[in-house]
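Every chain is numbered from 1, with letters handed out A, B, ... down the list of sequences. Excluded from the calculations below are hydrogen atoms, water molecules and symmetry mates; all remaining heavy atoms, backbone and side chain alike, are included.
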Number of protein chains: 2
Amino acid sequence: MKRQPIPPQFRSHHPHPCDGRLPPGLPAELQQQVTELAASTVELNRGETLAHSGTAFDHLYLVLSGAFKAVKLGADGASQIVCFYEPRELMGLSGFSHRVYTTDLVALAPSVVCEFPVQAIESAVSHNRPLLDGLLAAVSESLERAELDQFILGSLTAPQKMACFLLHMQARRRRCGDDTHHFELPMTREELGSYLGLTMETISRLLSHLQAEGVAQIDKRQVHILRDDLLHVWREGGVDLPMPRRKKPQQLKFA
Amino acid sequence: MKRQPIPPQFRSHHPHPCDGRLPPGLPAELQQQVTELAASTVELNRGETLAHSGTAFDHLYLVLSGAFKAVKLGADGASQIVCFYEPRELMGLSGFSHRVYTTDLVALAPSVVCEFPVQAIESAVSHNRPLLDGLLAAVSESLERAELDQFILGSLTAPQKMACFLLHMQARRRRCGDDTHHFELPMTREELGSYLGLTMETISRLLSHLQAEGVAQIDKRQVHILRDDLLHVWREGGVDLPMPRRKKPQQLKFA
DNA sequence: CGGTCGCTTGATAATCGTCAATTGATGTGG
DNA sequence: CCACATCAATTGACGATTATCAAGCGACCG
């Protein structure tokens with residue numbers, strides 16, 4: 001993990017490490033003000049932890065490249081990934097209340113982040129209305145996303161969860177103007193399973209099934225979505241997880 | 001649903017509807033400033049919806065009495081309760097990003113809330129640092145809670161979920177200085193099941209089991225916690241859901 | 001080249017959902 | 001005031017979804 005301070009005199013100059021890596025759809029004027037708050041960049045290798053759950057909340061982090069997971073540790077040793085982060089996303093937003101990080105933030109790949117001191121952010125935000133609105137929107141959006149994940153974890157079957165996940169990956173790409181039909185998964189099957197409340201084996205079977213049905217082509221971590229329409233059918237519950245089982249369950253609803 | 005405006009000249013006077021019903025642990029000076037932002041009170045009957053998912057985000061709501069659920073509707077008709085609210089809690093915080101409510105807010109019992117216009121809040125917050133910190137902390141705390149719920153939904157067994165829920169109810173009471181060993185559940189078994197990602201039947205069995213083991217006494221919706229220690233054992237996974245089954249599963253781990 | 005890691009696939013089984021029957025509480029209209 | 005319907009809840013029997021256990025394979029690395 002290598003930290004590289006950004007000297008104040010360079011913070012408003014191009015090229016700046018955050019250029020083109022701020023959250024999409026940000027007013028040009030705001031972009032300038034945000035980059036001026038950046039204190040350092042940090043480079044991490046795969047597996048390194050940027051912030052530890054329970055330690056002092058003193059920075060927000062913007063992902064510049066690579067990917068991260070937010071891991072929540074249970075009392076007994078159970079753990080759950082509650083969020084994945086990709087470039088242009090902001091990490092650490094759940095710390096404002098208790099002033100500690102609420103999850104571990106761990107790099108899934110060699111990554112670079114930009115570090116924003118919480119103090120600087122809070123003071124900038126307190127006399128800059130657009131910046132305030134942006135920060136509130138960011139925290140609020142994370143909350144909205146977490147509520148959606150609650151829905152996914154609590155109400156959907158395994159195939160539905162997988163379809164939701166893939167459609168979410170597409171939506172992310174769309175926001176950045178990227179190709180939505182091909183992307184690379186930054187996480188292992190096990191990590192994806194943790195996030196979706198499933199096991200590695202179930203994830204593997206689901207991906208195999210997607211491939212077998214021609215919904216997507218999957219090679220290692222490379223994913224090509226071939227049939228968006230079928231993916232939506234999966235999400236609405238039109239498909240079952242195929243286990244090595246021979247009989248079809250009856251589909252009796254109100255006739 | 002009956003709305004009762006609070007005329008501006010009364011907003012800074014006692015008695016005020018919010019008195020003693022603001023979030024616990026708020027500096028006295030802030031309490032005054034918050035009450036001045038209150039625009040109306042709203043009374044609801046059981047089952048009435050205070051805010052509809054997808055409609056314009058124009059108020060935050062403070063629960064004064066009663067209780068609420070936040071319901072997320074899935075595309076196909078599935079639905080999930082993502083949060084319960086009790087007096088002194090703030091609802092609607094996930095709307096700042098997309099400017100619409102992200103869940104339905106439905107009264108679980110006859111309730112009264114206090115309505116804060118988002119516009120007034122945002123402008124007050126932009127030139128009042130303590131108020132800003134309070135709002136950020138509130139949104140951030142909701143996010144923290146949602147992440148914890150993700151952990152519960154994704155990583156715990158049914159008995160662990162139930163124990164977590166009961167312990168959370170206790171913690172809520174503790175924050176308000178109430179008795180933590182007796183409380184009333186404001187929701188039906190089905191609603192609790194939705195929140196925990198379980199069915200009504202499983203909830204019922206779990207409550208019966210808690211009673212049979214002497215962990216708690218349960219009469220309708222009245223809960224008396226008798227053995228906190230056992231409840232913690234439940235949370236750490238020391239108990240199974242007892243179905244009408246006769247054989248004990250083996251407990252083989254790494255020896 | 002041995003070892004670990006990520007992944008796949010199969011066989012088996014447990015947890016929890018589904019279906020069903022019953023009870024008590026609540027409310028409604030005749 | 002009493003059928004009658006409806007709803008919340010309890011309990012039992014059964015079974016499907018998905019976890020667990022196990023074996024094997026390729027890739028990467030020291």
What integer distance in Å separates [X]:[atom1] from [N]:[atom2]?
| X | N | atom1 | atom2 | value |
| --- | --- | --- | --- | --- |
| A:Arg46 | C:dC5 | CZ | P | 11 Å |
| A:Leu206 | D:dT18 | CG | P | 8 Å |
| B:Met187 | D:dC7 | CE | C1' | 18 Å |
| A:Met200 | D:dT18 | CE | P | 17 Å |
| B:Met162 | C:dC16 | CE | C1' | 13 Å |
| B:Leu108 | D:dA8 | CG | C1' | 14 Å |
| B:Arg221 | C:dG24 | CZ | P | 19 Å |
| B:Lys220 | C:dT23 | NZ | P | 15 Å |

Looking at [X] and [N], is any side-chain donor or acceptor paired with a base atom of the opposite kind under 3.5 Å?
| X | N | answer |
| --- | --- | --- |
| A:Arg205 | C:dG10 | yes |
| A:Arg189 | C:dT9 | no |
| B:Glu190 | D:dC7 | no |

**Q.** Along DNA chain D (nearest heavy atom to each residue), the more 5'-positioned of A:Glu201 and A:Thr157
**A.** A:Thr157

Could you tell me whether [X] contacts a base, only the sugar-phosphate backbone, or nothing, with contacts defined as non-hydrogen atoms closer than 4.0 Å?
| X | answer |
| --- | --- |
| A:Gly197 | sugar-phosphate |
| A:Leu198 | sugar-phosphate |
| A:Thr199 | base |

Q | Short side-chain N/O contact to D:dT11 OP1/OP2 from B:Ser208, under 4.0 Å | A |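 B:Ser208 to D:dT11 OP1/OP2: side-chain N or O found under 4.0 Å.
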
(Q) Under 3.5 Å, is there a donor on one side chain and an acceptor on the other for B:Asp228 and B:His181? (A) yes

**Q.** B:Leu167 side chain near B:His232 side chain, heavy-atom distance below 4.5 Å
**A.** yes

Q. What orientation do A:Tyr101 and A:Phe57 show, parallel under 30°, tilted 30 to 60°, or perpendicular over 60°?
A.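 It falls in the perpendicular class, over 60°.
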
Please tell me which of the listed nucleotides, [options], lies nearest to the side chain of [X]?
| X | options | answer |
| --- | --- | --- |
| A:Thr188 | C:dC7, D:dA8, D:dT10 | C:dC7 |
| A:Thr202 | C:dT18, D:dA19, C:dC16 | D:dA19 |
| A:Ser204 | C:dC16, C:dC7, D:dA9 | C:dC7 |

**Q.** Interatomic spacing from CZ in B:Arg21 to CZ in B:Arg88 - rounded to 0.5 Å
**A.** 9.5 Å

Q.
Rounded to the nearest 0.5 Å, what separates atom CG in A:Leu105 from atom NZ in A:Lys69?
A.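 If I round to the nearest 0.5 Å, the distance is 11.0 Å.
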
